[in-house]
Amino acid sequence: MSAAAPPLPFEASRLPAHLAVIMDGNGRWAEARGLPRAAGHRAGTEGVNRVVRWCREWGLRHLTLYAFSEQNWGRPEEEVGALMSLLAEYVREQRAEILARRIRLRVIGDDLAPNGAGRLPGWVRAPLRALVEESARNEGMTLTLALSYGGREELARAARLLAEDVAAGRLRPEEVGEGAVRARLYAPDLPDPDLVLRTSGERRLSNFLLWQSAYAELCFLDCAWPELTAEELLAALQQFAARERRFGLTGAQARAARAAP
Ligand code: IPE
Ligand code: IPE
Ligand code: MG
């Protein structure tokens, strides 16, 4: 069992409302130890359990985890199979804890509907969908898993939905603006991420939340995902709290906007 979360060294109001994480480095973590990559993914799952618990205890509102990209389907069959098994195991083993902690589980990317276009195998999709439905009214923290997710795919889908609406006469072309695009993303009601964090030393987004990250703060940590500690995560959150977000305005305007009720 993982240790309890260390106390938050600053006020919870200074946490990002939405933290999105690119959980990277499982494979290299395992390879460096002479282990199969699947062992890295297993250690990564334990990392997920720890981080979810810490964030819940600190009072974070929304946590999004990039667990499997659309492009990850191109990995060797054996690795994809190991990841699918771990995902099913995660749902089975964490279900009670997710419900007990009043966490709402969501999925972006894969279409979980029984006859939907999703690519996850049915034996992963069905229990996942059940937990998404079972936890839908929970108000503790939103835990969104990006599964079979790609930012470009999400935007292409939004464009297709817009085109269908225009073709059917439900929408006029001049009504296509930021709001109309946003409304057709996977989870339009989820606030944009305030902080996007990536482990493993890579400094790229790898097709993650391309639209939503327009004004996100970015933080890159050198540790592999399985070895991320609460202290390192807190340091990243503290760094976020110290940054000034200006959203295109001048510093003076941004400060005035923050001071306004
Ligand atoms: C992240 O770790 C997990 C997934 C992409 C599923 P990686 O498997 O990408 O690990 P590295 O980057 O190869 O070390
Ligand atoms: C991004 O990591 C996807 C996830 C963490 C699930 P990748 O390891 O797939 O990204 P690249 O290939 O290094 O860009
Ligand atoms: Mg990687």
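Atoms within each ligand, like the ligands themselves, are counted from 1 in listed order.
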**Request:** Give a yes/no on ligand 1: does A67 have at least one heavy atom closer than 4.0 angstrom to it?
**Result:** yes
**Asked** Salt bridge check: are D165 and R184 linked by an N-O gap of less than 4.0 Å?
**Response** yes
**Message:** Please check this pair: side chain of S69 against backbone of Y149, looking for a donor-acceptor N/O pair closer than 3.5 Å.
**Reply:** no
**Message:** What I want to find out is whether R152 reaches E70 closely enough, with some N-O distance under 4.0 Å, to be called a salt bridge.
**Reply:** no
**Message:** Heavy-atom pairs closer than 4.0 Å: do any link ligand 1 to the side chain of R75, the backbone, both, or neither?
**Reply:** side chain
**Fill in**
Of all protein heavy atoms, the one nearest atom 10 (O) of ligand 1 is G27 N, 2.9 Å
**Asked** Starting from atom 11 (P) of ligand 1, which protein heavy atom do you reach first, and at what distance in Å?
**Response** R28 NE, 3.5 Å
**Request:** May I ask whether S200 places a heavy atom under 4.0 Å from ligand 1?
**Result:** no
**Request:** Apply the test salt bridge (charged side-chain N to carboxylate O under 4.0 Å, His left out) to residues R104 and E133: give CA-CA distance (whole Å), side-chain angles for both, the deciding distance (0.1 Å), then the verdict.
**Result:** CA-CA 9 Å; R104 176 182 178 191; E133 285 169 7; over 6 Å; no
**Atoms in ligand 2 flagged as close to S206, the criterion being non-hydrogen separation under 4.0 Å** = 1 (C), 10 (O), 11 (P), 14 (O)
**Prompt:** Which residue holds the protein heavy atom closest to atom 1 (C) of ligand 1, what is that atom called, and what is the gap in Å?
**Reply:** M23 O, 3.0 Å
**Request:** For F68, take its heavy atoms, then give the atoms of ligand 2 lying under 4.0 Å from any of them.
**Result:** 6 (C)
**Message:** Once you restrict to heavy atoms under 4.0 Å, what part of R198 touches ligand 2? Side chain, backbone, both or neither.
**Reply:** side chain
**Request:** Indicate yes or no: does E97 engage R101 in a salt bridge with an N to O separation below 4.0 Å.
**Result:** yes
**Prompt:** What are the atoms of ligand 1, with element, lying closer than 4.0 Å to any heavy atom of N72?
**Reply:** 5 (C), 6 (C)
**Prompt:** Is ligand 2 under 4.0 Å from a heavy atom in the side chain of N207, in the backbone, in both, or in neither?
**Reply:** neither
**Message:** Between the Mg ion (ligand 3) and D24, which N, O or S atom of the residue is the nearest one?
**Reply:** OD1
**Message:** Evaluate E202 for polar contact with ligand 2, using N/O atom pairs at a separation under 3.5 Å.
**Reply:** no
**Message:** Check this for me: does any side-chain nitrogen of one of R172 and E175 sit under 4.0 Å from a carboxylate oxygen of the other?
**Reply:** yes
**Item:** Nitrogen or oxygen atoms of D24 and ligand 2 under 3.5 Å apart
**Value:** yes
**Message:** I'd like to know if R95 and E134 make a salt bridge, using a cut-off of under 4.0 Å between side-chain N and carboxylate O.
**Reply:** yes
**Item:** Heavy atom of the protein closest to atom 13 (O) of ligand 1 (residue, atom name, distance)
**Value:** R37 NH2, 2.9 Å
**Item:** Numbered atoms and elements of ligand 2 in range of R204, under 4.0 angstrom, heavy atoms
**Value:** 11 (P), 13 (O), 14 (O)
